[in-house]
Structures are given as C-alpha cells and as structure tokens.
Amino acid sequence: MLRLHDAYPPPLVPETHFARLGRWLEMESQAERERLQERRQVQSSQRAERGGETLLGMVIRDHAVGLGGRYLLLLQKRRQGERLPWNRFKVGSPVELVPEGDGRTLPGIVSRKRPDHLQIAVDDWPDGKLFRVDLTPDEVTRRRQVAAMDLAARATGRLAQLRDLLLYRRDPKFRDLMEMPASERLNESQHEALQWVMAADDLAVIHGPPGTGKTTTLVEVIRQSIAGGEKVLACAPSNTAVDNLLERLALAGLNAVRLGHPARVLEAVRNHTLDALVEAHESHRIISEMLWEADDLERRSGKFWRGRGERGRKSRQRSGARELRRHARLMEKRAIEDILNDADVICATVSFDFGLLGDREFDLLVIDEACQSVEPGCWVPLRFAQRVVLAGDHCQLPPTILSQPAARDGFAVSLMQRLVEHYGDRVTRRLTIQYRMNQSIMDFSSACFYENALVAHPSVRHHTLADLIDGASHNLQLGPVTFYDTAGAGWDEEQEPEGLSRLNPAEGKFVLGQVRALCDAGIRPQDIAVIAPYAAQVRWLRDQSPWDELEIDTVDGFQGREKEAVVISTVRSNKDNEIGFLADERRMNVAMTRAKRRMIVIGDSATLATNKFFAKLLDWFESVEAYRSVWDVMYNGDEPNPDQTASYGERG
C-alpha cells in the first residue's frame with residue numbers, strides 16, 4: 001500500500017539528529033528576524049500592511065481580564081467597524097504592540113481573531129492610544145522545542161524507548177489484533193485503523209487523505225481509550241486544528257479540557273476551555289473578590305493624601321494588594337488542579353507550555369495534523385506519553401518554513417512523513433473512503449497521490465451543483481470539473497513593487513466572473529471559495545469582490561476546509577515559464593480537494609505545462625473533457641475580455 005525507500009536509512013544518533021534540528025530552528029529564527037527588520041523599515045502604511053504581518057492604526061476598544069491576571073485587549077482599526085486587511089495573524093501568534101510616538105513595546109499573544117478585530121493577551125497594560133501590531137519571531141516556542149529535544153536526548157525510561165523508536169533504533173511493537181465489534185460510526189477502513197491503533201504498544205500512524213474522516217477515526221480512538229480507563233493528551237500544531245478535534249470530542253460527550261487560546265468561540269469549544277472551567281469552579285467567586293479588593297487597594301495607594309504617615313499607608317496598601325493576589329493565584333492553581341485531575345482528555349497545541357501538567361503521565365498521546373508541524377514541535381508533548389498516535393496526510397502541505405536553506409536541508413519534512421517513509425505499512429494504516437468530493441473531483445488526486453486507493457462514498461459520488469439549484473433557470477455548466485486555459489490571452493502576471501508576492505489582475509477578473517455566474521445561478525456566496533497561491537492575488541480579489549460572504553484565501557488558509565464550489569486561480573503566466581512554489585505539487589493537491597460539487601481551475605497552460613505535474617494535470621482535464629479555453633467563454637473583437645465575465649459568465 002505504501003512505498004518504502006529501497007533501503008532503510010541507518011539508525012539516527014540522538015545527539016546528531018537533535019543538533020541538526022536545533023540548527024534548522026536557529027536558521028528559521030534568523031530568517032524571521034530579518035523579515036521583521038525589513039518590515040519595520042517600511043514607512044508607507046499600504047506597503048507595511050501588504051505582507052500580512054503588520055497592522056497599523058489599531059486602537060483598544062475593550063478589554064477583559066483572563067486566567068492568571070492577563071489583560072485581553074480587543075483591538076480594531078481607528079475607524080470603528082472597518083474590516084482588517086488580509087493578514088497572517090492567527091490565534092496563538094506572538095505579536096508586539098508598538099505605540100505610535102513614545103512608549104514601550106509590549107509583547108503579547110493573539111487570543112482571538114475576527115474579520116474586524118484581534119484580541120491580544122498581554123501581561124501589562126500598554127502605553128499609548130494608537131498602536132502598530134507586528135507578528136514577531138516565536139522565540140519562546142523555539143526555546144521550548146530545544147528544551148524538549150535536550151530532555152529526549154538525555155532521557156531514560158519510557159521517553160528513551162519512544163525516542164529510540166522514532167530514530168529507527170528499535171522496532172515498533174504490536175499486540176495481536178483484537179476483534180472489536182463494528183461501529184455504525186466507522187466505515188471499514190476507519191474500523192481497521194481503529195483496531196490497528198488499539199493494538200500498538202508504542203506507535204501507530206493514521207494516514208487520512210482529504211475527506212476520509214480522519215477526525216472521526218481519532219475521536220473513536222480516544223473514546224475507546226478512555227473507555228478502557230486511559231488518560232489521553234490530544235494535540236495539533238494549530239489552534240484551529242485543536243478546536244476542530246475538541247468540538248468533536250465534546251459532541252461525543254467526553255470530559256475534555258482545552259489549554260491555551262481557542263481559535264473558535266463556539267460554546268461547544270468555549271465551555272471546555274480552562275478559563276471557562278475555572279470561572280465555573282466553586283472557588284471562582286472568592287478568587288474574583290480577592291482580585292477586586294487587590295485592585296482597589298492599588299488604586300487607593302496611588303491617590304494623593306496630605307498628612308503624616310502617608311508613605312507607610314501606601315506601602316501597607318501595596319503590600320496588602322500583593323498578598324491578596326498571591327492567595328488568589330494559589331486558589332486558582334488548586335482549581336486548575338481539580339479540573340485537570342477530572343479530565344478524560346486534555347487538548348492543546350503541540351508546543352504549548354505544558355508546565356500546568358506537572359509530572360502527569362498519559363497513556364495515549366494523539367497528534368492530529370502531524371504533517372503540519374515541524375519535527376521539534378512534536379517532541380514537546382512526547383515526554384508525557386506511554387504510546388503515540390500520529391494522524392495527518394504527508395501528501396498535503398508540509399510545515400511552513402521561512403528559511404529556504406533549512407527547508408532544502410530537510411526541515412520541511414515532518415516527523416510523521418519521516419516515519420511513514422521509513423516504516424510504511426509496519427506502523428501506518430490509510431483511510432480510503434472519502435465523504436467530500438464528487439468522484440470526478442477526487443479522481444486525479446487519488447491517482448496521483450494515493451495510488452488510486454480512494455473511493456467516493458455513494459452519498460457524494462455523483463453529487464453536483466444541480467442538486468442545490470433549479471437547473472432549468474440558467475445555462476450554467478454544472479459538471480464537477482473544468483479547467484479554463486488563459487494561454488494566448490495576454491494575461492501576464494505582475495510582481496508587487498516590493499517583490500513580496502505576485503498577482504494577475506486579468507485572471508482575477510475572470511475568477512470573479514465565474515463566481516458571479518455561480519451566484520446568479522443560485523449558489524450562495526458563502527458556499528463558494530476562491531483559492532490563490534499568492535497573497536497579492538488574494539488581496540486583489542478581496543478588494544475587488546462585491547460579496548462579503550465569499551471566502552478568498554491562500555492554499556495554506558484552506559487546508560482542512562471544504563466548500564460546495566471552489567475556483568482556483570493559479571496566477572503564474574510569464575514568458576520565462578516560471579511557476580515558483582507552485583512546483584510543490586502538494587499545494588495543488590490541497591487546492592483541488594477542497595471542492596465538494598464543482599471545481600474550476602484557471603491558468604496559463606503555456607506556463608504551467610513546463611512542469612511535469614501540471615502537464616499531467618492538463619492531460620487529465622483533456623481526458624475527462626473538462627478542458628476549455630477562455631476564448632470559449634467570452635469574445636470581444638480579436639481578443640478575450642476578462643471584464644465581460646461579469647455579465648456573461650459561462651456560455652453553452
């Protein structure tokens with residue numbers, strides 16, 4: 001089922017392997033510092049925000065107090081209600097608040113993100129009224145990863161055994177498969193993966209191609225483990241991935257506790273966060289009263305009083321405030337201990353500060369979306385585990401690496417990918433029945449990436465947009481796949497003035513024309529996605545789009561997502577036939593597996609076909625009679641006119 005290297009690589013030496021990973025971490029850190037320095041030299045507001053890592057003109061609209069006395073600041077643009085420009089900020093991202101004018105720079109963490117605001121957690125109240133917010137290198141997480149690898153290198157006991165397995169120094173062990181009763185929650189391949197995981201003594205891998213129910217399988221693994229009396233630690237590299245898993249665990253009725261900042265605000269997620277559970281704890285009222293009294297003492301100590309004994313009174317008030325806060329923190333710590341002790345499963349990002357867990361041990365560590373984490377991240381929670389399950393898809397996007405030299409050397413290879421390539425079927429089970437895509441949308445990816453192993457479930461095998469709209473009311477083509485070739489149209493790509501990214505406005509107009517045709521036929525904008533590989537194209541499309549509900553994002557932003565219809569803009573069109581990072585075929589695998597009922601790809605065949613993968617893709621479109629030229633869609637005199645798509649849409 002899975003191909004292995006022709007020869008196994010030799011066992012890895014722990015000290016050498018971890019030193020190499022540490023060197024790559026430092027290279028990544030240096031690349032991030034250099035990019036931050038470049039951003040700070042940009043004065044123009046439009047140019048400063050263009051890279052997506054800076055927001056200017058931000059004001060504090062509201063605030064709250066979170067766990068541990070942190071301030072949770074809600075920041076918006078100065079003009080209230082204005083949407084934030086496209087940006088790379090995510091929940092958990094480290095940032096700096098830089099006041100305009102004088103004032104100290106304050107570090108923080110993004111704790112919530114919405115279209116019109118960010119919530120940022122900080123330890124102190126910031127100076128100033130108007131702020132610049134910058135993404136910053138995550139040195140805290142990096143130090144945590146280095147410390148975890150140092151611990152693993154020196155480990156004895158169970159961590160040493162797991163380390164040796166992950167470095168090919170001992171073989172994985174499995175017990176005899178125990179026949180488990182079939183569950184209506186799982187299909188055959190999911191049930192086989194469940195049995196495989198439950199038989200693993202130390203390591204199992206679940207390979208979940210798009211739409212195959214990887215999360216469903218993981219939830220059942222966790223349910224069965226808890227039913228057997230085990231404690232579970234469930235992690236993922238991103239806050240969104242943790243929340244997706246947590247939401248499903250909550251729906252399954254499991255006592256799950258979420259550490260860190262939730263990316264979503266659904267009650268199913270919020271009610272399981274540590275902050276919310278502490279608020280609901282019986283001691284919370286007393287803790288709140290003590291903190292309020294401490295704040296009141298601080299306020300009174302700052303007032304001016306005439307008379308003797310003034311200095312002593314202020315000192316006593318401040319000392320009393322410190323003592324009240326100390327007692328409140330102790331009570332809060334005991335409440336946290338109660339909550340963690342009662343939990344069946346604890347959820348967090350892989351590189352979270354797990355100091356709260358103390359010396360706890362977990363029978364099972366689950367790492368979801370493991371292929372999106374750099375390997376050092378996965379070593380952070382490993383010290384708590386007796387056995388490990390990794391889940392993900394190494395045929396989709398790898399970890400995001402800024403340092404290209406580090407990526408070329410091997411930093412972009414995740415722990416899961418490395419283990420799958422080494423151990424193959426000895427540790428891995430692949431899910432094969434997918435519940436997302438029409439079979440025609442699925443077929444190319446199944447053949448190219450999954451050895452034709454994927455099977456479309458009957459519920460989705462032949463579904464199309466015709467099931468959602470009145471097909472007699474329009475002349476829109478409703479077939480599941482179409483490629484529109486822009487070759488010869490003269491729609492050349494452009495480079496941003498700073499060289500940060502690329503865009504193709506003419507192709508962008510055609511993209512929006514396709515969206516308009518879908519909307520005019522009755523498809524809701526919120527059921528459509530537009531995906532482009534370049535941030536500049538995403539920004540252009542968002543600026544030009546008349547639909548607030550239409551989601552437009554990069555490939556990275558859509559991994560793990562799905563929509564009824566997806567329009568993909570490939571952007572690249574140049575006389576040098578360069579396609580840049582589109583050459584990473586996994587990027588197109590992600591983009592082409594987001595659509596459920598209709599997928600439209602737009603690109604210049606003359607540029608794309610110089611790459612072997614895209615040549616194969618174009619041949620496939622032709623073989624299924626899904627290839628069309630933009631000249632088939634609109635014609636104005638001697639050349640195609642992308643503006644006409646706003647009114648014509650598709651013809652014939």
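Heavy atoms only: backbone and side chains are in, while hydrogens, waters and symmetry mates are out.
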Note to self: Closer than 4.0 angstrom, basic N to acidic O: yes or no for Glu451 and Arg430?
What the structure shows: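 Counted as a salt bridge, because a side-chain N and a carboxylate O are separated by less than 4.0 Å.
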
Next item on the list: Give a yes or no on whether a salt bridge exists between Glu220 and Arg185, defined as a side-chain N under 4.0 angstrom from a carboxylate O.
Entry: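 Judged by the 4.0 Å cut-off on N to carboxylate O distance, Glu220 and Arg185 do form a salt bridge.
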
Between [atom1] on residue [X] and [atom2] on residue [Y], distance to nearest 0.5 Å:
X      : Y      : atom1 : atom2 : value
Glu375 : Leu21  : CD    : CG    : 5.0 Å
Met442 : Asn452 : CE    : CG    : 8.5 Å
Asn611 : Ile579 : CG    : CD1   : 4.0 Å
Gln224 : Leu364 : CD    : CG    : 12.0 Å

Margin query: Would Leu382 and Leu365 count as a side-chain contact (heavy atoms from CB on, under 4.5 Å) here? Give the steps.
Written below: CA-CA 7 Å; Leu382 270 166; Leu365 166 65; 4.0 Å; yes

So, [X] side chain and [Y] main chain: donor-acceptor pair closer than 3.5 Å or not?
X      : Y      : answer
Thr554 : Ala535 : no
Asn574 : Glu493 : no
Arg248 : Val219 : no
Gln434 : Met437 : yes
Ser373 : Ala370 : no
Glu507 : Val571 : yes
Thr486 : Ala489 : no
Arg587 : Ala583 : no
Arg461 : Ala456 : yes
Trp196 : Val427 : yes

Note to self: Before we go on, tell me: are the rings of Phe613 and Phe444 under 6.0 Å apart, centre to centre?
What the structure shows: yes

Item checked: Aromatic ring proximity, centroids under 6.0 angstrom, Phe621 and Phe614 -> no

Next item on the list: Check step by step if side-chain contact (heavy atoms from CB on, under 4.5 Å) holds for Thr428 and Val420.
Entry: CA-CA 7 Å; Thr428 307; Val420 169; 3.8 Å; yes

Next item on the list: Sequence neighbours left out, what passes salt bridge (charged side-chain N to carboxylate O under 4.0 Å, His left out) with Glu230? Give chain and number order.
Entry: Arg387

Check: Listed by chain and number, what are the salt bridge (charged side-chain N to carboxylate O under 4.0 Å, His left out) partners of Asp527, not counting sequence neighbours?
Finding: Arg524

Any donor-acceptor pair under 3.5 Å linking the side-chain atoms of [Y] with those of [X]?
X      : Y      : result
Glu28  : Ser403 : no
Ser238 : Glu369 : no
Arg418 : Tyr423 : no

Going by side chain to side chain contact (heavy atoms under 4.5 Å, CB included), name the residues that satisfy it together with [X], two or more places apart in sequence or in a different chain.
X      : value
Asn244 : Thr240, Arg264
Ala391 : Ile206, Lys214, Leu218, Asp368
Arg586 : Pro398, Gln417, Asp584
Asp467 : His463, Thr464, Arg597

Just jot down the ring-ring contact (aromatic ring centres under 6.0 Å, His included) partners of [X], sequence neighbours excluded, or say none.
X      : answer
Phe18  : Trp379
Phe558 : none
His457 : Tyr435

Next item on the list: Answer whether the closest heavy-atom distance between the side chains of Asn504 and Asp492 falls below 4.5 Å.
Entry: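 No, too far: nothing below the 4.5 Å cut-off.
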
Next item on the list: Report the C-alpha distance between Arg598 and Glu564 in whole Å, list the side-chain angles of each, state the deciding distance to 0.1 Å, and finish with yes or no for salt bridge (charged side-chain N to carboxylate O under 4.0 Å, His left out).
Entry: CA-CA 7 Å; Arg598 175 130 171 82; Glu564 301 292 349; over 6 Å; no

Margin query: If you apply the rule side-chain contact (heavy atoms from CB on, under 4.5 Å), what do you find for Gln396 with Phe449, and how did you get there?
Written below: CA-CA 9 Å; Gln396 296 189 63; Phe449 296 97; over 6 Å; no

Check: So which pairs with a foot in residues 614-627 pass side-chain hydrogen bond (donor to acceptor under 3.5 Å, both in side chains), sequence neighbours left out?
Finding: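 Residue pairs with at least one partner in residues 614-627: Asp485-Tyr627.
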
Note to self: Under the salt bridge (charged side-chain N to carboxylate O under 4.0 Å, His left out) definition, can you give me all pairs with a residue in residues 193-211, not counting sequence neighbours?
What the structure shows: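 As it turns out, the salt bridge (charged side-chain N to carboxylate O under 4.0 Å, His left out) pairs with a partner in residues 193-211, which skip direct neighbours, are Arg170-Asp202, Arg175-Asp201.
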
Note to self: If the condition is side-chain hydrogen bond (donor to acceptor under 3.5 Å, both in side chains), which residues does Asp604 pass it with, not counting sequence neighbours?
What the structure shows: Ser573, Thr607

Notebook entry, point to check: In terms of ring plane angle, is the pair Tyr450 and His207 parallel, tilted or perpendicular, where the classes change at 30° and 60°?
Noted result: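 Aromatic pair Tyr450/His207 classed tilted.
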
